[in-house]
Amino acid sequence: MSAPSDRPDSSRADRPRDDRPADGSRGDRFDRSAPRRSDAPRGDRPAGGGFRGDRSAGGRPGFDRRGGRPARPAVDLPRHVAYQAVAAVHRDDAYANLVLPSILRDEGLTGRDAAFATELTYGTLRHTGTLDAIITDAAGRDVGRIDPPVRDALRLGAYQLLHTRVPAHAAVSSTVDLVRSVAPGATGFANAVLREVAGRDADAWVAKLAPPMETDPIGHLALAYSHPQWIVRAFSEALGGDLGETTRLLIEDNVRPPVHLCARPGRADPVELADEVGGAPGAFSPYAVYLGGGAPGDLPALAEGRAHVQDEGSQLVADALAVAPLDGPDGRWLDLCAGPGGKSGLLGALAAQRGARLTAVEVSEHRARLVEQATRGLPVTVLHTDGRTVGADPKLPEGHFDRVLVDAPCTGLGSLRRRPESRWRKQPSDLPPLTRLQRELLTAALRATRPGGLVAYVTCSPHTVETHVTVTEAARRAEVPADFVDARTLLPAGMPGLGDGPTVQLWPHRHGTDAMFLAVLRRG
């Protein structure tokens with residue numbers, strides 16, 4: 001990808017292309033080249049055929065109570081599913097990756113319709129900040145003063161107008177139909193707002209609303225690429241103030257990534273697994289497979305414990321701990337923050353090949369059960385306890401373990417592309433309690449490690465306070481000596497963009513992974 005200039009020009013060629021598919025790996029836009037029933041003008045839509053009747057009561061398409069005839073369809077099913085998912089995220093603090101599959105199953109939506117509903121859901125959630133600024137301007141009132149059902153419907157409509165190939169008349173009329181089903185008194189208002197939104201394309205709205213790049217680059221990028229300003233600033237600082245690279249990262253955050261699988265060592269060969277699932281071997285991790293499409297939960301390899309879903313970056317940082325040179329005994333491994341179990345599953349499979357045993361610690365009872373499920377049949381002992389109790393818990397003695405992983409709780413800013421709603425939920429105030437917990441867990445890990453043993457500190461965040469500051473402060477305050485190991489040498493040879501060491505920061509725009517941070521320390 002070519003580097004954009006510090007100030008995107010009016011053509012905004014550095015933004016995602018209009019024709020990139022949302023359900024693939026390169027963009028929020030769905031391939032609309034074939035006709036879709038949900039794009040048909042209202043008068044051309046068939047009665048029934050999966051479309052909604054009056055959904056104000058939440059029921060299935062019904063009948064006109066006066067004549068017994070089918071009610072006129074109001075909202076097509078893919079758009080209604082997307083609305084349900086978006087509303088659940090904003091109303092119930094739900095997570096899209098959990099709630100949307102459930103709604104799709106309940107509604108029996110599959111194929112292209114399911115892909116369109118998925119595009120609308122994830123695209124709307126990713127672009128919420130910018131969409132809200134546009135709706136505020138178009139409505140002449142702050143978006144926070146608009147009733148939530150209408151607000152979510154307008155977000156979906158504005159997303160279709162500005163980021164998809166849905167014709168403007170279809171986007172407006174379908175959204176007005178949606179508003180009619182959830183807030184009948186607001187149809188005129190919705191129609192007026194959407195027609196105002198349709199009067200400009202996305203680039204023109206950014207040109208109108210974003211502060212100038214020359215005087216306020218962070219504010220400009222935040223509105224242009226729909227991220228909170230504090231996150232844009234944190235990304236820029238972690239990238240050394242390079243606004244061009246920051247822009248590329250923001251673009252990548254707005255692209256839905258492919259699903260990554262981990263072929264468990266000793267249980268699956270990644271090349272054979274790629275052939276089995278119709279995917280491709282990963283670029284860097286020796287265990288990674290990029291899934292070509294479909295629902296990973298339906299794959300026999302997952303049900304049989306031969307593979308699990310895991311970002312390639314997570315595979316790389318876990319494997320780095322396992323491949324680091326170690327003198328002396330090497331049979332006692334520890335995962336100090338194990339839930340939900342992806343890294344424990346990979347480490348457990350590697351331990352099985354090397355005659356080692358992994359102790360997986362998880363403080364949450366629910367997540368501890370997930371770890372047990374993820375590591376079934378592997379040499380893994382799951383402890384439901386707090387990892388900071390090293391030395392006080394007889395099952396977590398000091399100076400006992402050879403290799404220790406600290407996959408610390410963090411803001412998750414490194415996985416915003418996979419969790420579109422989380423960028424709007426996180427706040428700078430989340431950092432102090434998290435960084436305190438991170439330091440406590442890392443110092444506990446160093447106590448748990450035998451002299452000469454290794455600790456890998458990992459976060460799914462590039463924020464410097466959660467990465468360099470935390471690991472440096474914890475090592476300085478630890479009661480035991482520890483030295484940094486150059487983590488670059490523990491990743492695949494020839495892997496680009498690993499920096500100056502001794503720590504490593506992976507990036508979506510450089511490596512196609514989540515933004516995982518890795519520091520490796522050897523206890524003195």
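Numbers here simply count residues along the sequence, with the first being 1.
The shortest distance between side-chain heavy atoms of Leu161 and Val172 falls below 4.5 Å. Side chains of Thr118 and Tyr122 form a contact here, defined as non-hydrogen atoms less than 4.5 Å apart. Side chains of His90 and Thr128 form a contact here, defined as non-hydrogen atoms less than 4.5 Å apart. Between Leu77 and Asp113, every side-chain heavy-atom pair lies at or beyond the 4.5 Å cut-off. When side chains are defined from C-beta on, Arg79 counts as touching Phe116, because their heavy atoms get closer than 4.5 Å. With contacts defined as side-chain heavy-atom distances shorter than 4.5 Å, the pair Ile231/Leu413 qualifies. Two residues are said to be in side-chain contact when any heavy atoms from C-beta on lie closer than 4.5 Å; Ser226 and Trp424 meet this criterion. No side-chain heavy atom of Val182 sits under 4.5 Å from any side-chain heavy atom of Val150.
Residues forming a salt bridge (Lys or Arg N to Asp or Glu O under 4.0 Å) with Glu440 (at least two apart in sequence, or on another chain): Arg388. Under the ring pair (Phe, Tyr, Trp, His ring centres under 6.0 Å) criterion, Trp507 pairs with His509, not counting sequence neighbours. By the side chain to side chain contact (heavy atoms under 4.5 Å, CB included) test, Ala117 pairs with Pro78, Val81, Leu104, Leu109, sequence neighbours left out. Residues passing the ring pair (Phe, Tyr, Trp, His ring centres under 6.0 Å) test with Phe189, sequence neighbours excluded: none. Every residue two or more places apart in sequence or in another chain that forms a side chain to side chain contact (heavy atoms under 4.5 Å, CB included) with Cys337 is listed here: Val406, Pro409, Leu441. Applying the side chain to side chain contact (heavy atoms under 4.5 Å, CB included) criterion to Val309, with sequence neighbours excluded, gives Val259, Leu261, Pro296, Leu302. Evaluation of the side chain to side chain donor-acceptor pair (under 3.5 Å) rule for Arg195 yields Asn191 as partners, not counting sequence neighbours. Among residues two or more places apart in sequence or in another chain, the side chain to side chain contact (heavy atoms under 4.5 Å, CB included) test is passed with Arg418 by Pro257, His260, Asp311, Asp514. Looking at residues two or more places apart in sequence or on another chain, you find no side chain to side chain donor-acceptor pair (under 3.5 Å) involving Arg200. For Arg510, the salt bridge (Lys or Arg N to Asp or Glu O under 4.0 Å) partners at least two apart in sequence or on another chain are Glu245.
Taking the six-membered ring where tryptophan is involved, the planes of His127 and Tyr159 are tilted, since the angle between them lies from 30° to 60°. Ring geometry, Trp230 versus His463: the interplanar angle falls from 30° to 60°, so the pair is classed tilted.
Here Thr246 contributes atom OG1 and Leu221 contributes atom CG; the two are 7.0 Å apart, rounded to the nearest 0.5 Å.
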Side chain to side chain donor-acceptor pair (under 3.5 Å) between Glu466 and Thr411, worked out
CA-CA 8 Å; Glu466 298 187 89; Thr411 56; 2.5 Å; yes

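Screening Met213, Arg233, His227 against Ile218 for a side-chain contact (heavy atoms from CB on, under 4.5 Å) leaves a single residue, Arg233. Considering Leu506, Thr459, Val504, Val317 as possible partners of Phe517, the one that fulfils the side-chain contact (heavy atoms from CB on, under 4.5 Å) test is Thr459.
Between the side chains of Tyr290 and Glu312, a donor-acceptor pair is found at a separation under 3.5 Å.
Counting only residues at least two apart or on different chains, the salt bridge (Lys or Arg N to Asp or Glu O under 4.0 Å) pairs with a member in residues 406-415 are Lys343-Asp407. The salt bridge (Lys or Arg N to Asp or Glu O under 4.0 Å) pairs that include a residue from residues 131-143 are Asp132-Arg155, Asp137-Lys208, where partners are two or more places apart or lie in different chains.
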